[in-house]
Amino acid sequence: MFFSERPPEILDHWEGLTNVLSQPGELPELPDASTWAGMRPSEREAFNNRRLDYLGADLVISTPQLKAVVRKTQLAVLQNRSRVAGRLGVLVSGESTMGKTTACLAAMKTIYERYALQYPQFMELDHKPVIYIEVPAGCTGKAVVGRFAQFLGLPIRSRDTLESLLTTVVGQLQKSRTVLVVVDEIHNLSTLNNGNGESVDVLKSLSNRVPATFLYAGINIHLGPLLTGDRGQQIRGRFTSEVLHRYMRATTAEKALWKGIIQSFEHHLLLFNHHEGDLARHEQYLHDRTRGSIGSLGRLLTGAAQWLISSDAEADEEKISREVLESIPLDIDASENWLQSDLAHMDNGT
């Protein structure tokens, strides 16, 4: 039960991305106490595997920031439907663990589902409405085009030039009727050098030649050199931006929003004795521990739930307590901040 029977999907290949976007994402239904008590050990193990796999996937919590990314993406796709030049795009920026890739997944899933609804036979027609690539560090223009070719399953030969490979990729994207291209980790192009400049030019060429909406995502790209100079001015003139930030608790409205986010996570935890609202008295602790990062909060809560499930706890013991939360390690950034906080050394029972 500790290891999943199915390997995780790879987003930067068409087959893997399709499997992720086509999954219904339905919340497994918890059996009642009498049904659980009557289940054979093998049945319990199978259900626990389902719970662990669900919690280990990318839970999408519909926050205002995520909704904004999805809406701006849909609007850009609408505005680009008949454009032949100067297509619009979306830029998603923010610190690490702010949920940028999760927001991109939500946007991709929305566009994918709308496309499938309008074109039910798109798989048979070999359409690929959504494309996803990650930009490697220190890459050249040819390496960026190579990522597109890899996603599309196109062969890459050592004798291919940048222009020949670009022409092949553009032709395939046009044939595939691609409407949304997501370029993640684009902060890797923020360093000013010839290779990165060439890569930015390649992305611009693709956006000019492929009738699709481009979504760029990366760490603090709204503050970096990607948006400066002549190249940056073109991006600034065509892209709308959504900067994802930490959630605060300074005002009544912010506290209510943070509470709602926690309860949304609680709805997905799949624990027998844990219910929405049980963590209400730990809201301040959860904020201090995660610094308001939705990525860190998700890792903390789903990690706690997975640990309880994998520990074969009795049904009535499946409840997240402060003690359980304290036992779950977080990312270095959140952990260092917590250790330096006076609250970490207060035993106030909250």
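The figures that follow rest on heavy atoms only: side chains count, while hydrogens, waters and symmetry mates do not.
- Defined by atom type and a distance below 3.5 Å, a donor-acceptor pair is present between the side-chain atoms of Q284 and D288.
- If you take CD1 on I262 and CG on L300, they are separated by 9.5 Å, rounding to the nearest 0.5 Å.
- Side-chain contact between T213 and L88 is absent, with no heavy-atom pair separated by less than 4.5 Å.
- In this structure, L325 and L301 have side chains that are in contact, with non-hydrogen atoms separated by less than 4.5 Å.
- Using a 4.5 Å heavy-atom threshold, the side chains of L17 and L21 count as touching.
- Between the side chains of S93 and N220, no donor-acceptor pair is found at a separation under 3.5 Å.
- Screening K175, Q172, R147, H13 for a side-chain contact (heavy atoms from CB on, under 4.5 Å) with L152, the sole residue that qualifies is Q172.
- Atom NZ of K259 is surrounded by 12 or fewer heavy atoms from other residues, nucleotides or ligands within 6.0 Å.
- Atom CZ of R71 is surrounded by 12 or fewer heavy atoms from other residues, nucleotides or ligands within 6.0 Å.
- Checked against the 6.0 Å centroid threshold, Y132 and F151 do not count as a close aromatic pair.
- Side-chain atoms of L173 and L206, non-hydrogen and from C-beta on, do get closer than 4.5 Å to each other.
- The aromatic rings of W14 and F122 sit perpendicular, their planes meeting at an angle over 60°, well past the 30° parallel limit.
- The number of heavy-atom neighbours closer than 6.0 Å to CD of E29, taken from other residues, nucleotides and ligands shown, is 12 or below.
- The structure places OG of S296 at 11.0 Å from NE2 of H287, a figure rounded to the nearest 0.5 Å.
- Salt bridge status for D126 with K128: present, with a side-chain N to carboxylate O gap under 4.0 Å.
- Taking every heavy atom of both residues into account, S311 and W307 meet most closely at OG-O, 2.6 Å.
- Counting non-hydrogen atoms of neighbouring residues, nucleotides and ligands closer than 6.0 angstrom, the CH2 atom of W36 exceeds 12 such neighbours.
- Looking at D201 and K204, no side-chain N of the basic residue comes within less than 4.0 Å of a carboxylate O on the acidic one, giving no salt bridge.
- With a 4.5 Å cut-off on side-chain heavy atoms, L189 and L203 count as touching.
- Using a cutoff of 4.0 Å between basic side-chain nitrogens and carboxylate oxygens, R50 and E43 are not scored as salt-bridged.
- Side chains of T167 and S164: a donor-acceptor N/O pair is absent below 3.5 angstrom, by distance only.
- Residues H275 and K319 fail the side-chain proximity criterion, which asks for heavy atoms closer than 4.5 Å.
- Salt-bridge formation is not detected for the pair K100/E242: no Lys NZ or Arg NE/NH1/NH2 atom is positioned less than 4.0 Å from an Asp or Glu carboxylate oxygen.
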